[in-house]
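All of these numbers come straight from a predicted model, not from anything done at the bench. The chain is numbered in sequence order, starting from 1. Excluded from the calculations below are hydrogen atoms, water molecules and symmetry mates; all remaining heavy atoms, backbone and side chain alike, are included.
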Amino acid sequence: MDPTPAAGTPRVARASLGVFVVFALNGLFFASWASRLPAIRDALVLDASEVGLVLLVGSAGSLVALPLTGMVVHRFGTVATTRAAALLAAAGLGAGALAVAAGTVPAVAAALFVAMMGIGAWDVSMNLQGTVVERSLGRAIMPRFHAGFSLGAVVGAAVGAGAAAARVPVSWHLVTVVGLGALAVWLLTRWYLPDGAMVGADPQGAGGGGARRHALAAWTEPRTVLIGLMVLAAALTEGSANDWLALGVVDGFHASDAVGAAAFGLFVASMTLMRLLGTGLLDRFGRVPVLRLSAALALVGLLAFGLGPSAGLAIVAIVLWGFGAALGFPVGMSAAADDPARAAARVSVVSSIGYVAFLAGPPLLGALADHVGVRHALLTIVAPLVLSLLLAPVAAAPRRP
């Protein structure tokens, strides 16, 4: 029997708040790095393609961690996995910040590899705990947890913009943020709900071997793989902004680093608003129509940002882009976790496929940006957005008997 508490209990409400803040801290970590990327680029004297290669090394760290995280959660649970992952992320980002101060590009890349291993494992484990809370509540709430991520990213971008404007060194800024953040994650995970069917013995009595078999079998399930491709498109839509929006504004509109960081903040603020509204939209209209609307908004926003003639139009474009990028990833996580007994394996597979965006996106966009500029390079994300429109039906919720 699943020991998850009944919906509406104080324990579920506390767990929901804890998961929300853990998501927010994950966003804070990532945005603290992303918002200072122009300053990091300048400190290391890198061009766009070299920035892309550094980001590629970091993305490789995520891809190492993601396929393994489902098995780790199955063995140790979401509490231990989230704590260990947050500590790893903090250590990597802290070391990377110090390496930026030292001007050592290989050390920055190595530290980012470690940091993204932690952030990737943290991502899977917190999403899995989010599905536990969602099932306990009996309604869609995952977009609100991802709104927590976006809210944390807004705070991270705002602090980053302020630090850039005040010329605070990247090392001081990042080491302070990640140190306090890791401590907060350790405390908040005490509020998590029991993982239930995701951990412990395999339903067929196979133990850890069953977890490995489930992890491998999930890669052969057509629905799981198609959800992964849909999440890949969503990750490209969101991740391209995370990595390149600040630089696109700085280089494309001759703006300052602080304005670039503020533009990134506007993007994540737009995502936050849509994710807060998303639970109501999903409950009223269902997953498929909402995903199609999201893809359409992102298409319009990207085209306007890449082709628009003025910074004023770019502001509107960034808002639409943020609205459109908001729901694909959280809805994909919920869809992958529809069966609790297979949730760890399937969420791990979907996350692994989705995070290919963070592996392939930075170097490809960086290489293109050297030739056509960052704004025009971002137009390549239009193709996966069309794919996400076509794949939206695979996320449909299963019919209840």
Side-chain angles (χ1 to χ4, degrees), residues 2 59 62-75 78 81 120-132 134-135 140 142-143 145-146 195-199 202-204 206 208-239 282 286-288 290-292 294-295 327-360 384-401:
D2 191 338
S59 300
S62 294
L63 289 182
V64 169
L66 287 168
L68 304 174
T69 304
M71 290 185 286
V72 174
V73 168
H74 189 89
R75 179 71 179 274
T78 53
T81 305
W122 181 355
D123 185 279
V124 173
S125 62
M126 72 183 183
N127 271 286
L128 285 167
Q129 176 62 203
T131 66
V132 173
E134 188 173 61
R135 284 196 300 273
M142 190 67 78
F145 292 146
H146 283 258
D195 295 315
M198 288 192 300
V199 299
D202 178 85
Q204 299 177 352
R212 286 189 291 272
R213 284 200 298 274
H214 283 176
L216 294 174
W219 285 95
T220 68
E221 298 170 351
R223 179 176 182 263
T224 300
V225 173
L226 289 174
I227 291 172
L229 291 175
M230 185 191 74
V231 170
L232 170 64
L236 279 168
T237 306
E238 179 180 352
L282 289 165
R287 292 174 181 171
V288 176
V290 170
L291 287 172
R292 286 173 170 161
S294 296
L327 298 178
F329 206 100
V331 172
M333 294 298 104
S334 292
D338 280 333
D339 178 2
R342 300 294 180 104
R346 289 173 177 165
V347 169
S348 184
V349 168
V350 168
S351 297
S352 298
I353 295 172
Y355 268 73
V356 169
F358 302 118
L359 179 68
L385 277 172
V386 173
L387 176 65
S388 71
L389 272 171
L390 299 175
L391 291 177
V394 304
R399 294 181 179 178
R400 302 298 181 188

Identify the two heavy atoms, one from Arg346 and one from Ala336, that lie closest to each other, and give their separation to 0.1 Å.
CB-O, 3.4 Å

Once rounded to the nearest 0.5 Å, what's the spacing between atom CZ of Arg287 and atom CE of Met230?
8.5 Å

Sub-4.5 Å side-chain heavy-atom contact between His74 and Asp195
no

So does Arg223 pair up with Asp338, basic N to acidic O under 4.0 Å?
yes

For Ser352 and Leu63, which heavy atoms make the closest approach, and how far apart are they?
O-CD2, 3.5 Å

So, does Ser348 use its side chain to make a donor-acceptor pair with the main chain of Ala345 at under 3.5 Å?
no

Using every non-hydrogen atom in the two residues, find where Phe329 and Ala234 come nearest and quote the distance to one decimal.
N-CB, 3.8 Å

Would you sort out whether Val331 and Val290 count as a side-chain contact (heavy atoms from CB on, under 4.5 Å), showing the intermediate values?
CA-CA 10 Å; Val331 172; Val290 170; 5.6 Å; no

Quick check: closest heavy atoms across Ser388 and Ala295, and the distance to 0.1 Å?
OG-CB, 3.5 Å

Contact between Thr78 and Met126 at the side-chain level, heavy atoms closer than 4.5 Å - yes or no?
no

Would a 4.5 Å heavy-atom cut-off, applied to side chains only, mark Val288 and Arg292 as touching?
yes

What's the spacing between Asp339 CG and Thr224 OG1 if we round to 0.5 Å?
9.5 Å

Taken in chain and number order and not counting sequence neighbours, the residues that satisfy side chain to side chain donor-acceptor pair (under 3.5 Å) with Ser351 are none

Residues in side chain to side chain donor-acceptor pair (under 3.5 Å) with Thr69, at least two apart?
none

Measure the spacing between OG1 of Thr81 and CD of Gln129 and express it to the nearest 0.5 Å.
11.0 Å

So how far is it from Leu232 CG to Ile227 CD1, rounded to the nearest 0.5 Å?
13.5 Å

Grab the two heavy atoms, one from Met142 and one from Asn127, that are nearest each other, plus how far apart they are.
CE-O, 3.5 Å

If you compare all heavy atoms of Leu291 against all heavy atoms of Leu327, which two are closest, and at what distance to 0.1 Å?
CD2-O, 4.1 Å

Check whether any side-chain heavy atom of Val231 sits under 4.5 Å from a side-chain heavy atom of Ile353, and report yes or no.
no

